[in-house]
**Q** 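Dropping a structure here in structure tokens format, bear with me for questions.
All values below were derived from every heavy atom in this structure, side-chain atoms included, with hydrogens, water molecules and symmetry-related copies excluded.
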Amino acid sequence: MSDPSQHTAELKRPELVYFPLGNNVTAFSTTRHGGVSKGTYAEFNINAFCGDSPADIVSNRDLLCHELSIKASQLLIPHQVHSTECRRIEAGFFNRPEDERTALLEGVDALITDYRGICIGVSTADCIPILLYDPSHHAAAAIHAGWRGTLQRIAGLTVKAMELQFDTNPQTLKAVIGPGISMEAFEVGDEVYQLFSEHHFDMPSISRRYPVLHPRDDEQQQKWHIDLKGCNRLQLLEEGMATQNILDTQICTYSHPADFFSARRLGISSGRIYTGIICR
């Protein structure tokens, strides 16, 4: 008698975008295709914090685990809160009761690990997902960088955490900047622009004024736009990473809402991309 979950996996297969980060490494972002979610969550959402059907989330997680050849317990999805909290995942994590594992992933916006066979990742829908891989120590990181996390330099702080925990050399570290909103689409108020300026970002290189995306009464005013991907790339370079080791996917979620979730397009009650990495 056939396994029903195996049959389901054959009927629905999540469409992933894979990134070349190294040997025995699986790095990827999910798309909207290949799952069972509906409406603004269609089709493929595994995030339980955005209002999707719990049953559909479980089905989609099973589909992803089947695709990645891992167990459900090996798929880690933190509850992000736009903080700079970075959690290291070690072997002992999996010996804890489920409620303790859940608590350890609460309020966390970056995960690091050198434990093999598990998938660490972050959820985004316009925010910037970043994956790091240290080939010398076979260690990895997954970072959620919204504008608040970017402002607090979460990418740079995570590189520092890998240096401390794994003796990572930033010069050999590799990075992927995954699907996220582009500068052309990320319109911000003057107060957000001012915050970045006050935090000593290089404003001429990471900001520009564009005509208002959705003007009212045909008003022709301009507003500031921030390059979140560029901000995070600069942070990685400031920590000593080599330019050639940083891959920017150049995928704008706002411009491709049919393939990637965009909260600015669909509203916050919609699905999330999952960007993950497995060191095998």
Side-chain angles (χ1 to χ4, degrees), residues 16-30 46 61 64-65 67-80 83-98 100-124 128-145 149 153-178 232-233 235-242 244-247 274-280:
L16 310 180
V17 179
Y18 289 98
F19 311 119
L21 268 184
N23 296 327
N24 298 315
V25 177
T26 303
F28 65 94
S29 287
T30 61
I46 64 169
R61 289 186 182 185
L64 181 59
C65 290
E67 180 73 13
L68 299 173
S69 299
I70 61 174
K71 298 177 182 178
S73 62
Q74 296 170 317
L75 178 66
L76 304 187
I77 308 172
H79 184 199
Q80 302 153 193
S83 70
T84 58
E85 185 69 28
C86 179
R87 174 83 65 230
R88 179 177 179 176
I89 303 300
E90 301 178 89
F93 175 88
F94 297 94
N95 296 327
R96 294 173 177 267
E98 183 178 356
E100 290 187 18
R101 297 199 304 270
T102 299
L104 286 171
L105 296 176
E106 178 64 35
V108 172
D109 283 80
L111 296 174
I112 61 173
T113 193
D114 61 353
Y115 187 59
R116 299 194 179 198
I118 65 168
C119 183
I120 59 171
V122 291
S123 303
T124 58
I128 311 302
I130 304 165
L131 299 177
L132 304 177
Y133 174 60
D134 174 356
S136 299
H137 302 93
H138 207 45
I143 306 165
H144 164 246
R153 290 179 163 81
I154 188 172
L157 291 171
T158 304
V159 173
K160 287 184 171 69
M162 292 186 73
E163 290 182 80
L164 179 65
Q165 295 289 328
F166 310 124
D167 200 25
T168 293
N169 179 355
Q171 293 182 346
T172 60
L173 196 59
K174 297 182 179 181
V176 168
I177 300 175
N232 284 285
R233 183 176 181 275
Q235 289 177 45
L236 298 176
L237 293 172
E238 288 168 359
E239 294 304 320
M241 286 194 62
Q244 65 271 21
N245 286 344
I246 304 173
L247 170 65
Y274 179 78
T275 298
I277 184 168
I278 307 172
C279 295
R280 300 190 185 272

**Q** Quick one: list whatever passes ring pair (Phe, Tyr, Trp, His ring centres under 6.0 Å) with Phe19, sequence neighbours left out.
**A**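 Phe19 satisfies ring pair (Phe, Tyr, Trp, His ring centres under 6.0 Å) with no residue once adjacent residues are dropped.
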**Q** Please report the shortest heavy-atom distance between Val108 and Pro78, naming the atom on each side.
**A**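 Nearest heavy atoms, Val108 then Pro78: O-CB, 3.6 Å.
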**Q** Indicate the atoms forming the closest heavy-atom contact of Asn245 with Gln171, along with that distance.
**A**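 The pair with the smallest heavy-atom distance is ND2-O, 3.3 Å.
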**Q** When rounded to the nearest 0.5 angstrom, what is the spacing between CG in Leu76 and OH in Tyr274?
**A**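 Nearest 0.5 Å value for the CG-OH distance: 6.5 Å.
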**Q** Is any side-chain heavy atom of Arg87 closer than 4.5 Å to a side-chain heavy atom of Leu111?
**A**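 Answer yes - side chains close enough.
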**Q** Does the separation of the ring centres of Tyr115 and Phe94 fall below 6.0 angstrom?
**A**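 Yes - the distance between ring centres of Tyr115 and Phe94 falls below the 6.0 Å cut-off.
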**Q** State, to 0.1 Å, how close Leu16 and Glu67 come at their nearest heavy-atom pair, and which atoms those are.
**A**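 Smallest heavy-atom distance, with atoms named: CD1-CG, 3.9 Å.
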**Q** Before giving the answer on side chain to side chain contact (heavy atoms under 4.5 Å, CB included), spell out for Ile77 and Arg61 the whole-Å C-alpha distance, their side-chain angles and the decisive distance to 0.1 Å.
**A** CA-CA 10 Å; Ile77 308 172; Arg61 289 186 182 185; 3.5 Å; yes
**Q** Output the distance between atom CD1 (Ile112) and atom CG (Leu132), rounded to the nearest 0.5 Å.
**A**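 Here the rounded value is 10.0 Å.
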**Q** Could I get the full list of ring pair (Phe, Tyr, Trp, His ring centres under 6.0 Å) partners for His137, not counting sequence neighbours?
**A**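 Checked His137 against ring pair (Phe, Tyr, Trp, His ring centres under 6.0 Å); zero matches.
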**Q** Measuring from atom OG of Ser123 to atom NE2 of His79, what distance do you get when rounded to the nearest 0.5 angstrom?
**A**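 It is 9.5 Å, given to the nearest 0.5 Å.
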**Q** Could you check if a side-chain atom of Leu68 sits within less than 4.5 angstrom of a side-chain atom of Gln74, using non-hydrogen atoms only?
**A**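 Of all side-chain heavy-atom pairs linking Gln74 with Leu68, none is under 4.5 Å.
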**Q** Can you find a heavy atom in the side chain of Pro20 that is under 4.5 Å from one in the side chain of Leu247?
**A**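 They are in contact (side-chain heavy atoms under 4.5 Å apart), so the answer is yes.
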**Q** Roughly how far, to the nearest 0.5 Å, is CD1 of Ile277 from OG1 of Thr113?
**A**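 It comes to 10.5 Å.
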**Q** Between CD1 of Ile128 and CZ of Arg233, what distance do you get to the nearest 0.5 Å?
**A**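 Interatomic distance, Ile128 CD1 to Arg233 CZ, rounded to 0.5 Å: 14.0 Å.
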**Q** Once rounded to the nearest 0.5 Å, what's the spacing between atom CG of Asp134 and atom SG of Cys279?
**A**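 Asp134 atom CG to Cys279 atom SG measures 9.0 Å (nearest 0.5 Å).
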**Q** Could you tell me how the ring of His138 sits relative to the ring of Tyr133: parallel (under 30°), tilted (30 to 60°) or perpendicular (over 60°)?
**A**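 His138 vs Tyr133 ring planes: perpendicular.
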**Q** Which side-chain hydrogen bond (donor to acceptor under 3.5 Å, both in side chains) pairs, counting each pair once, include a residue from residues 19-30, with sequence neighbours left out?
**A**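 Sorted pair list: Thr26-Arg280, Ser29-Thr275.
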**Q** Heavy-atom distance under 4.5 Å between the side chains of Ile46 and Leu75, does that happen here?
**A**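 Yes, at least one pair of side-chain atoms sits under 4.5 Å.
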**Q** Mind listing the closest non-hydrogen atom pair of Ala140 and Ile120 along with its distance?
**A**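 Heavy atoms only, the tightest pair is O-CD1, 3.8 Å.
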**Q** Do the side chains of Ile246 and Ile177 get nearer than 4.5 Å, heavy atoms only?
**A**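 In contact.
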**Q** Do the side chains of Leu157 and Gln235 get nearer than 4.5 Å, heavy atoms only?
**A**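 No; the side chains remain at least 4.5 Å from each other.
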**Q** Considering residues, nucleotides and ligands other than Glu98, do more than 12 of their heavy atoms fall under 6.0 Å from its CD?
**A**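 Incorrect, the count does not exceed 12.
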**Q** Quick one: does Arg96's side chain have a donor or acceptor within less than 3.5 Å of a partner on Arg101's backbone?
**A**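 Side chain of Arg96 to backbone of Arg101: no pair is present.
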**Q** Heavy atoms, side chains only, cut-off 4.5 Å: are Ile154 and Ile130 in contact?
**A**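 No - every pair of side-chain heavy atoms lies 4.5 Å or more apart.
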**Q** Identify the two heavy atoms, one from Glu85 and one from Gly107, that lie closest to each other, and give their separation to 0.1 Å.
**A**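 For Glu85 and Gly107, the tightest heavy-atom pair comes out as CB-O, 3.3 Å.
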**Q** More than 12 heavy atoms of other residues, nucleotides or ligands under 6.0 Å from CD of Glu100: is that the case?
**A**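 Count over threshold, so yes.
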**Q** Between Ala27 and Leu131, what is the shortest heavy-atom contact and its length?
**A**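 Ala27 and Leu131 have their closest heavy atoms at CB-CD1, 3.8 Å.
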